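Here the structure is a predicted model, which is why all the values come from computation and not from measurement.
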Amino acid sequence: MVARRMFLFVTSLLICGHVFGQADEGSRIKQLHIYQDSLASLGKKMVNDENDLERKNANYQFIKTLVSALKINNSFLFPFDSVKSISILNSPDNRFRIMSWHVMNQDGSYRFYGTIQLNSGGPLKMFPLEDYSPLLKNPEDSVTDNRKWYGAQYYKIIPVYAQKPYYVLLGWKGNTVKSTKKVLEVLSFNNGEKPSFGMPVFEGNGKSRKRVIFEYARQVSMLLRYVSDQNLIVFDHLAPPDKKMKDQPETFGPDLTYDGYKLKDGHWAYVENLDMRNIPSNSDAEYVDPKKQAAKDKTLIHSN
């Protein structure tokens with residue numbers, strides 16, 4: 001009789017614990033959805049508002065709200081997929097995710113923001129990214145940390161399982177009213193956790209680069225994408241409209257030829273004049289140009 005009572009008591013405790021666990025989980029998800037709605041609204045404002053101060057105020061509130069959301073246990077599992085104003089990329093090995101976004105300045109230039117969230121399985125482990133671009137004198141030769149980040153909005157993560165594993169990030173980096181930039185960035189982790197940006201893995205033209213930066217005229221588009229089945233990063237060859245402008249990258253544009261970087265032994269070897277007939281034909285569809293997205297968002301706002 002005593003044993004039966006003890007069994008019933010333990011069983012009831014387990015049932016209550018399960019019910020309370022479900023309630024806690026439901027409350028957690030509900031809170032994350034509330035934060036997500038706020039982030040989506042603030043995100044639209046920081047991209048679309050015509051007032052410079054309003055965009056920056058919205059961004060300030062966005063950062064505070066995002067940090068509060070990420071502090072909720074197991075927030076790593078919540079996708080925040082309704083927040084269209086930022087890029088959220090999970091690494092293919094699910095080790096981390098990187099969130100990145102931009103705010104346009106009044107003069108048409110951009111400042112970038114972001115954070116790396118580790119998959120901790122519980123309490124938040126996060127590394128805020130601070131855009132240090134204007135102060136990096138030789139960005140293609142610099143190794144930095146999250147406090148001296150060469151800011152960009154990323155749209156692709158490529159894991160490389162070399163002796164020291166690292167990830168190549170493909171990113172858009174709006175620059176000025178005259179030019180746009182794209183970047184091949186390298187992210188690795190020191191001591192298994194602290195992020196480091198830049199690594200001498202891009203080989204070509206007699207030198208090794210720690211990151212690769214492309215600059216071109218703002219009114220044109222540039223292809224930069226990864227072809228996974230060939231371990232190849234392919235991109236438009238950029239050229240000036242006239243040889244006299246070879247030192248003016250703000251005039252550069254695609255010349256209908258293609259170059260690339262081919263992965264070999266943990267490094268990326270530069271390849272010229274790629275035959276695009278051997279490369280699957282699709283556009284740089286993984287990346288949505290913020291200017292086009294902003295125009296789309298404005299249309300949606302006016303239609304509601």
- Can you check whether Trp172 and Tyr154 have ring centres sitting under 6.0 Å from each other?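 So the answer is no for these two rings.
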- Message: Using ring centroids (six-membered ring only for Trp), state whether Phe78 and Phe76 fall under 6.0 Å.
- Response: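 No, the ring centres sit 6.0 Å or more apart.
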- Task: Check side chain to side chain contact (heavy atoms under 4.5 Å, CB included) between Leu53 and all other residues, then give those that pass, not counting sequence neighbours.
- Result: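 Side chain to side chain contact (heavy atoms under 4.5 Å, CB included) check on Leu53 returns Asn51, Asn57.
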- Cation-pi geometry met for Arg218 and Tyr216 (6.0 Å, 45°):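 Not satisfied by the 6.0 Å and 45° rule.
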- Message: Could you tell me if Arg225 sits above the aromatic ring of Phe235, with its cationic atom closer than 6.0 Å to the ring centre and no more than 45 degrees from the axis?
- Response: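 No; the conditions do not both hold, so Arg225 does not lie above the ring face of Phe235.
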Looking only at side chains, do [X] and [Y] share a donor and an acceptor under 3.5 Å apart?
{"X": "Tyr132", "Y": "Asn146", "answer": "no"}
{"X": "Asn175", "Y": "Ser179", "answer": "yes"}
{"X": "Asn231", "Y": "Tyr226", "answer": "yes"}

- Taking a hydrophobic cluster as the set of Ile, Leu, Val, Met, Phe, Trp and Tyr residues connected by side-chain heavy atoms closer than 4.5 Å, whether directly or through intermediates, do Val83 and Leu42 fall within one such cluster?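 Same cluster: Val83 reaches Leu42 through Ile, Leu, Val, Met, Phe, Trp or Tyr contacts under 4.5 Å.
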- Message: Do Leu129 and Ile213 land in one hydrophobic cluster if side-chain heavy atoms of ILVMFWY residues count as linked below 4.5 Å?
- Response: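 Hydrophobic grouping puts Leu129 apart from Ile213.
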- Task: Mind running side-chain contact (heavy atoms from CB on, under 4.5 Å) on Tyr113 and Arg111 for me, showing each step along the way?
- Result: CA-CA 7 Å; Tyr113 299 84; Arg111 184 172 178 83; 3.2 Å; yes
- Message: Tell me every residue that passes side-chain hydrogen bond (donor to acceptor under 3.5 Å, both in side chains) with Glu140, counting only those two or more places apart in sequence or in another chain.
- Response: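 Once residues adjacent in sequence are excluded, the partners of Glu140 under the side-chain hydrogen bond (donor to acceptor under 3.5 Å, both in side chains) criterion are Arg209.
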- Results of side-chain hydrogen bond (donor to acceptor under 3.5 Å, both in side chains) for Asp81 - residues two or more places apart only: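 In terms of side-chain hydrogen bond (donor to acceptor under 3.5 Å, both in side chains), with neighbours along the sequence ignored, Asp81 is linked to no residue.
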Which pair of non-hydrogen atoms, one from [X] and one from [Y], has the smallest distance, and what is that distance?
{"X": "Gly151", "Y": "Ser133", "answer": "N-OG, 3.2 Å"}
{"X": "Phe96", "Y": "Leu118", "answer": "CB-CD2, 3.9 Å"}
{"X": "Met46", "Y": "Trp101", "answer": "CE-CD1, 3.3 Å"}
{"X": "Pro195", "Y": "Ile116", "answer": "CB-CD1, 3.8 Å"}
{"X": "Val143", "Y": "Ser196", "answer": "CG1-OG, 3.6 Å"}
{"X": "Gly108", "Y": "Val177", "answer": "CA-CG1, 3.7 Å"}

- Main-chain N/O of Leu238 paired with Asp236 side-chain donor or acceptor, under 3.5 Å: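 A pair under 3.5 Å: no.
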- Go through Lys125 and Glu193 one step at a time and tell me if the salt bridge (Lys or Arg N to Asp or Glu O under 4.0 Å) criterion holds. CA-CA 9 Å; Lys125 285 191 176 179; Glu193 191 169 284; 3.3 Å; yes
- Message: Just to verify, which of Gln31, Arg28, Gln117 counts as forming a side chain to side chain donor-acceptor pair (under 3.5 Å) with Ser75?
- Response: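 Option passing the side chain to side chain donor-acceptor pair (under 3.5 Å) with Ser75: Gln117.
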- Do Glu130 and Lys148 meet the salt-bridge criterion of a basic N to acidic O distance under 4.0 Å?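 A salt bridge is absent here (no side-chain N lies under 4.0 Å from a carboxylate O).
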- Do NZ/NE/NH1/NH2 and the carboxylate oxygens of Asp275 and Arg277 come within less than 4.0 Å?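 Yes.
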- Task: Tell me, with the steps shown, if Asp259 and Tyr270 meet side chain to side chain donor-acceptor pair (under 3.5 Å).
- Result: CA-CA 8 Å; Asp259 301 327; Tyr270 183 66; 2.9 Å; yes
- Item | Lys71 atom NZ, neighbour heavy-atom count above 12 within 6.0 Å |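 For Lys71, atom NZ is not crowded (no more than 12 foreign heavy atoms under 6.0 Å).
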